[in-house]
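One structure is given below, encoded as structure tokens.
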Amino acid sequence: MITRIVPWLICVLFSFPAIAEEVSLARVVELAIEHAPAMQSAEAGRDAAQEDLTIGRAALLPRIDVSGNYQWRDQRVNYDTNQNIFQPDYKSRDSSVSLRMVQPLFDLERWAGYRQGEISGETGEMRVRLERQRLMLETAQVYLEAVTAASALKASKAKEQAAEQLAAQAQALFESGVSAVNDRLDADARSDLAIAERLAAENTLDQALSTLASLTGSDALELSPPAIVSPIATPLPEPGQWEDLAAESALTTRLARLQFRSAEEEKMKVVGSNLPKVEAFASIQGTRATSGQLGIGSKSRDRAVGLQFSMPVFSGGGDRAQLKKSQKELLQAQFALEDDIRLARLTARQALLGYSAALLQLHAMQQAVVSAREAAGAARMGHEVGLRTITELLDADERRFAAEKSLAEARAGLVFAELQIYASIGALDSGALPEVFGSGFHARGHNGPGLSGQ
């Protein structure tokens with residue numbers, strides 16, 4: 001009996017569809033950061049770069065070496081004449097142990113390496129932040145595209161349904177002789193176009209969801225449209241002030257400054273490699289021999305403390321070439337920093353302009369949707385009383401559905417524009433996520449706080 005029930009239970013369990021996880025924009029970004037191999041690679045690179053600080057510090061600390069040896073010797077000696085003092089055969093067991101400590105006192109090359117290790121750790125962390133910001137923007141863009149595609153699909157389905165109803169009505173009026181054949185053909189064409197538009201909207205949504213699943217590593221996602229909120233101060237900051245802030249705080253400029261500082265330390269290392277090096281040393285050595293030429297064992301202990309000095313004199317011109325190379329690399333880093341600052345200023349200005357335009361577009365589209373809905377309602381009432389043709393009604397419906405689709409795009413555009421503003425000053429990934437990442441649409445059909453109530 002049990003053997004019959006178990007297969008039936010397995011079939012029942014696997015027959016239920018997977019429960020989709022309703023996700024907000026914040027949750028999708030979190031899943032993408034956890035899943036992305038690029039983030040894991042950046043974090044591994046940061047951890048590796050942080051070890052450069054330990055390596056640089058170790059070069060400044062005392063170096064202690066221990067060495068030892070043991071040897072057994074069997075030496076046979078033949079003398080021309082008989083010797084009463086020296087043994088003809090020499091056998092011995094010798095051992096020695098030495099301990100030596102060296103402390104750098106003046107070594108500019110090692111000090112520059114230590115400073116470079118500090119910068120390397122900061123650079124690794126900055127690269128992680130840059131990758132996180134890039135991934136957040138990419139994920140947000142795909143998420144908003146999917147939300148927009150879902151809104152477009154909803155509008156296209158409503159448009160298809162309305163077009164089918166009007167096509168059936170036009171067919172009935174034509175058969176009864178009330179309407180002309182042109183109205184029926186126009187209604188049929190609009191219905192066919194609505195079906196094609198719905199199929200295209202479904203494909204667009206499937207493509208966006210596939211990309212989102214690739215980023216998050218999860219196929220069972222149910223989108224939760226983001227709330228449209230505006231935590232940015234009104235009025236917007238002056239472009240010049242925002243550009244100055246971006247020049248100082250943008251992640252790209254901060255990374256470029258770190259790379260410039262690293263190039264400075266690299267030049268200092270090259271200079272230090274050609275300067276004198278002074279080290280203090282202390283050593284102790286113990287030696288034990290079991291027998292000697294005279295047949296007497298011995299022990300010895302040597303201790304020494306002192307300073308040692310070294311300085312390169314000639315290396316075939318390689319030192320001079322290395323110095324020139326480091327100077328050119330420093331110049332290259334300086335120009336790269338200036339270019340990154342220029343791009344950061346431009347990005348900040350474009351982000352502000354884009355946000356202003358997106359905000360105005362959203363307000364305009366909200367009014368357009370209201371007007372289009374009123375016009376469609378008036379056209380339907382006019383058609384019912386015989387004052388409007390079916391073609392006029394179809395045109396009004398198309399304008400309404402097009403306005404609703406454009407409104408969804410405007411909402412998504414405003415959200416992404418706000419994210420770009422935060423990213424332009426390097427504040428997107430630091431601290432708490434901006435309010436725009438909040439899940440104001442947790443429950444389907446419930447709007448979160450918006451600019452106009454939506």
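Since we're looking at a predicted model, the values are computed, not measured.
Put simply, CZ on R127 and CG on L251 are 12.5 Å apart, with the number rounded to the nearest 0.5 Å. Rounded to the nearest 0.5 Å, atoms CD (Q420) and CD (Q141) are 8.0 Å apart. We find the OH-CD1 distance between Y114 and I55 to be 13.5 Å, quoted to the nearest 0.5 Å. To the nearest 0.5 Å, atoms CZ (F335) and CG (L330) are separated by 10.0 Å. Distance check: L209 CG to E145 CD gives 11.0 Å after rounding to the nearest 0.5 Å. Between the CD atom in E118 and the CZ atom in R57 there is a gap of 8.0 Å [rounded to 0.5 Å].
When all heavy atoms of S120 and A49 are compared, the pair lying nearest together is O-CB, 3.4 Å. The minimum heavy-atom distance linking L135 with A36 is given by the pair CD2-CB, 3.5 Å. When all heavy atoms of A155 and F401 are compared, the closest pair comes out as O-CD2, 3.7 Å. Taking every heavy atom of both residues into account, R110 and A59 meet most closely at NH1-O, 3.0 Å. Between V142 and A208, the closest heavy-atom pair is CG1-O, 3.7 Å. Pairing each heavy atom of L137 with each of A423, the nearest pair is CD1-CB, 4.0 Å.
Residue pairs that meet the salt bridge (charged side-chain N to carboxylate O under 4.0 Å, His left out) test with at least one member in residues 332-353, sequence neighbours left out, are E243-R345, E243-R349, D244-R345, D339-R342. Identified under the salt bridge (charged side-chain N to carboxylate O under 4.0 Å, His left out) test for residues 311-332, with sequence neighbours left out: none.
At least one donor-acceptor pair under 3.5 Å links the side chain of T253 to the backbone N or O of A247. Not a single donor-acceptor pair under 3.5 Å links the side chain of N203 to the backbone N or O of L199. In terms of modelled atom types and a separation under 3.5 Å, the side chain of S356 and the main chain of L352 share a donor-acceptor contact. With hydrogens and angles disregarded, a donor-acceptor distance shorter than 3.5 Å links the side chain of Q116 to the backbone of S262. Side chain of Q259 to backbone of Q334: no donor-acceptor contact under 3.5 angstrom is found.
Residues satisfying the side chain to side chain donor-acceptor pair (under 3.5 Å) test with S156, not counting sequence neighbours, are none. By the side chain to side chain contact (heavy atoms under 4.5 Å, CB included) test, S41 is found to be paired with no residue, residues two or more places apart in sequence or in another chain being considered. Qualifying salt bridge (charged side-chain N to carboxylate O under 4.0 Å, His left out) partners for K277, counting only residues two or more places apart in sequence or in other chains: E109.
Under the 4.5 Å side-chain criterion, counting only non-hydrogen atoms from C-beta, L419 is not in contact with M136. When side chains are defined from C-beta on, M268 does not count as touching R115, because their heavy atoms never get closer than 4.5 Å. Side-chain contact check for D107 versus V278: every heavy-atom pair is 4.5 Å or farther apart. M126 places none of its side-chain heavy atoms less than 4.5 Å from the side chain of E122. For the pair Y143/L215, no side-chain contact is recorded, criterion being any heavy-atom separation below 4.5 Å from C-beta on. The shortest distance between side-chain heavy atoms of S326 and L323 falls below 4.5 Å.
Note on E264 versus R261: no salt bridge recorded, every NZ/NE/NH1/NH2 to OD/OE distance being 4.0 Å or above. Ion pairing of R257 with E248 is present here, as a side-chain N (NZ or NE/NH1/NH2) and a carboxylate O approach within less than 4.0 Å. Salt-bridge formation is detected for the pair R198/E202: a Lys NZ or Arg NE/NH1/NH2 atom is positioned less than 4.0 Å from an Asp or Glu carboxylate oxygen. In this structure, E160 does not pair ionically with K157, as no charged nitrogen and carboxylate oxygen lie closer than 4.0 Å.
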Could you walk me through whether T252 and L130 pass side chain to side chain contact (heavy atoms under 4.5 Å, CB included), step by step? CA-CA 8 Å; T252 52; L130 264 174; 4.0 Å; yes
Between L31 and R27, is a side chain to side chain contact (heavy atoms under 4.5 Å, CB included) present by the stated rule, with each step listed? CA-CA 6 Å; L31 289 173; R27 178 56 181 162; 3.3 Å; yes
What verdict does the side chain to side chain contact (heavy atoms under 4.5 Å, CB included) test give for L212 and V28, after you've listed the backbone C-alpha separation in whole Å, the side-chain angles of each residue and the deciding distance to 0.1 Å? CA-CA 8 Å; L212 197 62; V28 168; 3.6 Å; yes
Step by step, would you call V102 with R63 a side chain to side chain contact (heavy atoms under 4.5 Å, CB included)? CA-CA 5 Å; V102 178; R63 184 179 71 254; 3.8 Å; yes
Go through S424 and T347 one step at a time and tell me if the side chain to side chain donor-acceptor pair (under 3.5 Å) criterion holds. CA-CA 6 Å; S424 68; T347 301; over 6 Å; no
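The residue from R399, R373, R411 that alone fulfils the salt bridge (Lys or Arg N to Asp or Glu O under 4.0 Å) condition with E404 is R373.
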Report, one line per pair, each donor and acceptor closer than 3.5 Å where one atom sits in a side chain of residues 301-313; sequence neighbours left out.
unit_1, atom_1, unit_2, atom_2, d
Q308, OE1, R100, NH2, 3.0
Q308, NE2, E279, OE1, 2.6

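Heavy-atom neighbours of K405 NZ from other residues, nucleotides or ligands within 6.0 Å: at or below the threshold of 12.
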